[in-house]
Amino acid sequence: MTDIKPQANMQGGFCNVNKSGPCAVVIFGASGDLAHRKLIPSLFSLFQKGLLSENFYILGCARSPMTDETFQIKVRDTLKKDSPDVPYPKQEEFSQHCTYLSGDYHDTNLYTLLSERLIQLDSRYSTDGNHLFYLATPPNIYSPIIQHLGSTGLTKESEDRSSFVRVVIEKPLGSDLESVMALDRELHRVLREHQIYRIDHYLGKETVQNILMFRFANAIFEPIWTRQYIDHIQITVAETLGVEYRASYYEQAGLLRDMFQNHMLQMLALVAMEPPASFDADRVRDEKVKLLRTIRPFPLNDLSHWIVRGQYQKGLVQGVEVPDYLQEPGVASDSMVETFVAAKVMIDNWRWQGVPFYLRSGKRLARRVSEIAITFKNVPHSMFAPLSPRELAPNVLVLHVQPEEGISLTIQVKKPGPKVCLTSLAMDLNYQEIFGSELPKAYERLLLDCMLGDQTLFWRHDGVEVTWALVTPVLQAWQTEPENCPLTYYPSGAWGPAESTDLLVHDCRQWRTP
Ligand code: BG6
C-alpha cells in the first residue's frame with residue numbers, strides 16, 4: 001500500500017478557543033494517582049497555554065496530612081516528571097496557586113473547614129465564588145463527599161447563577177443499572193443535572209471529537225453513511241498493558257464494565273447517531289441517547305454467538321514475556337474476570353438495519369491501538385473480468401483514534417502496467433504530520449470544558465442508564481448461566497481468543513488487523 005501525503009495548504013479554518021473564567025478547582029483525592037498523572041499536568045498545560053484565568057487556584061483535599069508547602073513541592077515534582085522541558089519559574093508560578101487541606105472524607109468537620117478555606121481563598125484569588133469539585137477518589141467515597149457538600153451548603157449556586165458550583169465524577173459510574181440509578185438519585189438530591197460532569201476521557205480525545213466534525217462538517221459522507229453503502233463497522237480498542245496495579249478495582253469490574261459500557265459505546269454512539277440540529281450539549285446528547293436506545297438487546301438464550309469474553313494467559317507482548325492474568329498481583333487464583341470482550345451489536349433503526357457493528361477491546365493484545373473501521377459494500381458488478389465483485393477489495397475508511405491519530409481511506413486504483421492491474425491504496429491523513437504540535441491531552445480539554453460550563457463531552461444521566469440497561473443482563477447471565485457464554489482464554493500478545501474470530505467468520509467476515 002502507498003501513502004498519499006496531504007497537501008499542506010489547508011484553507012482558512014475556524015477555531016473557537018475560550019479561556020476559562022475565574023474558578024477554584026477543589027480536587028478530592030489530591031494525593032492520589034489520577035490527580036498527579038492526569039489532573040495536575042492537564043491544569044498546568046492549560047495554564048501554560050494561557051487558557052486558565054489568572055484568577056484561579058487549586059485546593060487539594062485528601063486524607064494524607066500535608067501543608068500547603070509540601071503539596072506545592074509534590075505538584076512541582078509531578079510537573080518536573082511530566083513537563084521536564086518547561087522552565088522552572090513557570091512551574092513555580094503555577095504551584096503558587098496550589099493549596100491543601102487534609103481530613104477524613106466522612107467527617108463533617110472537613111467540610112466546615114473547607115467552607116471557611118474557600119471563603120478566604122476566593123477572596124485572595126478573586127475567583128468570584130466559582131467552585132469546581134473534582135472527585136478523584138475511589139467511587140465508594142463519592143456518596144459521603146456529595147452528601148457532605150450538600151449538607152454544608154457547598155453545592156448551592158447563587159439564585160441569579162452569577163457564580164457556579166460544578167461537580168466532576170469519574171467512572172466507574174455504578175456497577176450495574178440499579179447502582180447507577182441509586183448514584184443518580186443521590187447526586188440529584190443536592191445537585192441539578194447542569195452541575196454534574198460525568199467524565200469519559202475517551203470523549204476528550206481529539207480524534208473521538210473529530211468523528212462529529214468528520215461526519216457533520218462534510219457534505220459527502222453523510223449520504224453514504226447508511227445500510228445501503230456500509231457493509232459493517234469494527235471498533236477496536238486494544239491495549240498492550242495488563243491489569244497493572246489495579247487488580248482490586250479490576251477484579252470487581254472486568255472489561256465489560258471498564259471499557260465497553262462507557263468508551264466503546266460512546267464511540268459507537270458518535271459513529272451511528274443522527275445529526276444533531278446544533279453543537280449544543282443537550283442536542284448532541286439527545287441524539288446519542290436516542291441511538292443508544294435503539295441498540296438491540298443481546299439475546300440471552302444465544303449469548304455466545306453475540307458476545308465473547310476472554311482472559312489473558314501468559315505470552316509475549318512486543319517481545320516481552322508477561323504472566324497469566326491469574327498470576328498478576330492481587331488477582332484471585334480462580335478469577336473468572338474478563339480482560340477481553342468482543343461483541344456483535346445491531347442497531348434497530350432505518351439507517352442501520354442489518355449492518356453489524358463489531359466491537360472488541362482487550363488487555364495484553366498485540367498492539368496498543370484504537371480505531372473505528374467502516375467497511376463499505378463491494379461493487380455491485382465487476383467489469384474487470386475475471387475479477388468478481390468480491391475480489392475487488394471494498395473501500396475501508398479508518399478513523400485512527402490512537403496512537404497514530406488520523407484518517408485513512410482505502411481505494412482501488414490502477415497500477416501502472418498491464419490493462420487490468422489493480423491495487424489497494426491508502427490515502428492517509430496523519431494529524432501529527434499535518435498539525436505538527438502534540439495533540440492536547442484529553443483531560444485538558446475536559447477540564448477546560450468543565451470550567452467553561454460546556455457539557456457536550458460529558459455523559460448525561462439518561463445516557464449512562466441506557467448503557468447499563470444494555471450490559472446489566474449480560475453481566476447477570478455470565479453469573480447465573482456461565483455455561484451459555486463461557487470464559488475463553490487467549491495468549492498475551494494475540495488479538496484475543498479464537499472464539500472472537502468465530503463471531504465474524506460466522507457472518508463470512510474477518511477482523512481487520514490494525
Ligand atoms: C480506562 C480504563 O478508562 O481507560 C483502563 O479504566 C484503560 O483500564 C484505559 O487502560 C485506557 O485508556 P487509554 O486512553 O490509554 O486508551
Side-chain angles (χ1 to χ4, degrees), residues 1-11 207 210-211 213-215 217-238 271 318-319 354-358 360 365-436 493-496 498 500-514:
M1 290 216 200
T2 317
D3 286 358
I4 294 184
K5 295 279 172 263
Q7 303 260 323
N9 62 340
M10 284 171 299
Q11 288 174 5
T207 35
N210 189 44
I211 300 171
M213 312 286 164
F214 181 83
R215 290 188 57 196
N218 294 293
I220 61 172
F221 300 111
E222 211 37 34
I224 57 170
W225 213 256
T226 71
R227 67 184 186 286
Q228 283 94 347
Y229 294 93
I230 293 179
D231 178 73
H232 74 278
I233 294 183
Q234 296 185 13
I235 303 181
T236 299
V237 176
V271 172
Q318 296 178 323
V355 179
F357 286 69
Y358 300 104
R360 68 176 161 172
L365 298 185
R367 270 187 63 204
R368 174 176 182 254
V369 60
S370 302
E371 63 165 43
I372 299 164
I374 296 125
T375 301
F376 290 88
K377 292 196 165 165
N378 288 97
V379 292
H381 162 75
S382 168
M383 55 182 261
F384 304 108
L387 295 175
S388 70
R390 293 204 70 81
E391 285 167 306
L392 292 172
N395 303 115
V396 183
L397 175 72
V398 185
L399 308 175
H400 301 275
V401 174
Q402 62 185 26
E404 283 170 19
E405 293 86 355
I407 299 172
S408 68
L409 175 66
T410 309
I411 53 172
Q412 293 296 306
V413 295
K414 171 148 185 1
K415 201 164 139 188
K419 191 170 162 196
V420 178
C421 202
L422 283 156
T423 188
S424 289
L425 193 114
M427 296 201 288
D428 274 339
L429 297 182
N430 180 303
Y431 271 34
Q432 195 86 51
E433 277 174 27
I434 298 169
F435 298 111
W495 282 106
S500 72
T501 311
D502 299 343
L503 259 190
L504 273 74
V505 169
H506 200 252
D507 294 349
C508 302
R509 297 191 179 95
Q510 57 184 20
W511 289 108
R512 247 176 67 79
T513 305

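Using bins of under 30°, 30° to 60° and over 60° for the plane-to-plane angle, the ring pair Phe221/Phe214 lands in the parallel bin.
Evaluated for a side-chain hydrogen bond (donor to acceptor under 3.5 Å, both in side chains) with Thr236, the options Arg512, Glu371, Arg360 yield exactly one hit, Arg360. In summary, of the residues considered (Ser382, Pro394, Pro380), a side chain to side chain contact (heavy atoms under 4.5 Å, CB included) with Pro389 occurs for Ser382 alone.
To the nearest 0.5 angstrom, Leu397 atom CG is 9.5 Å from Met427 atom CE. Considering CG of Leu422 and CG of Leu425, their distance stands at 11.5 Å, rounded to 0.5 Å. Rounding to the nearest 0.5 angstrom, the gap separating the NZ atom in Lys377 from the CZ atom in Arg227 is 8.5 Å. Taking CG of Leu504 as the reference point, atom CD of Gln234 lies at 5.5 Å (rounded to 0.5 Å). Taken from CZ in Phe376 to CD1 in Ile233, the straight-line distance is 8.0 Å, to the nearest 0.5 Å. For the atom pair CG (Asn378) and CG (Leu392), the distance works out to 7.5 Å, reported to the nearest 0.5 Å.
Between Glu391 and Pro386 the shortest heavy-atom distance is OE1-O, 3.7 Å. Between Ile230 and Ile224, the shortest heavy-atom contact is CG1-O, 3.7 Å. When all heavy atoms are compared, the tightest approach of Thr207 to Gly406 is CG2-N, 4.0 Å.
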Practice problem: Step by step, work out the side-chain contact (heavy atoms from CB on, under 4.5 Å) result for Leu429 and Ile434. | Solution: CA-CA 8 Å; Leu429 297 182; Ile434 298 169; 4.0 Å; yes
Quiz item: Going through the distances and angles, do Ile211 and Val271 end up as a side-chain contact (heavy atoms from CB on, under 4.5 Å)?
Solution: CA-CA 7 Å; Ile211 300 171; Val271 172; 4.2 Å; yes
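Atom NZ of Lys414 is surrounded by more than 12 heavy atoms from other residues, nucleotides or ligands within 6.0 Å. Crowding of Gln432 atom CD: a count of heavy atoms from other residues, nucleotides or ligands under 6.0 Å exceeding 12.
By the 4.5 Å heavy-atom criterion applied to side chains, Thr423 and Val413 are counted as neighbours. Side-chain atoms of Ile374 and Ile372, non-hydrogen and from C-beta on, do get closer than 4.5 Å to each other. In this structure, Arg509 and Asp231 have side chains that are in contact, with non-hydrogen atoms separated by less than 4.5 Å. You'll find the side chain of Trp495 stays beyond 4.5 Å of the side chain of Ser500, heavy atoms only. Residues Gln402 and Arg368 are in side-chain contact: their nearest non-hydrogen atoms beyond the backbone lie under 4.5 Å apart.
Annotation: ring-ring contact (aromatic ring centres under 6.0 Å, His included) contacts involving residues 398-418, sequence neighbours excluded, are absent.
Side chain to side chain, Gln412 and Ser424 meet the donor-acceptor criterion of an N or O pair below 3.5 Å.
No side-chain donor-acceptor contact under 3.5 Å links Asn395 to the backbone of Leu409.
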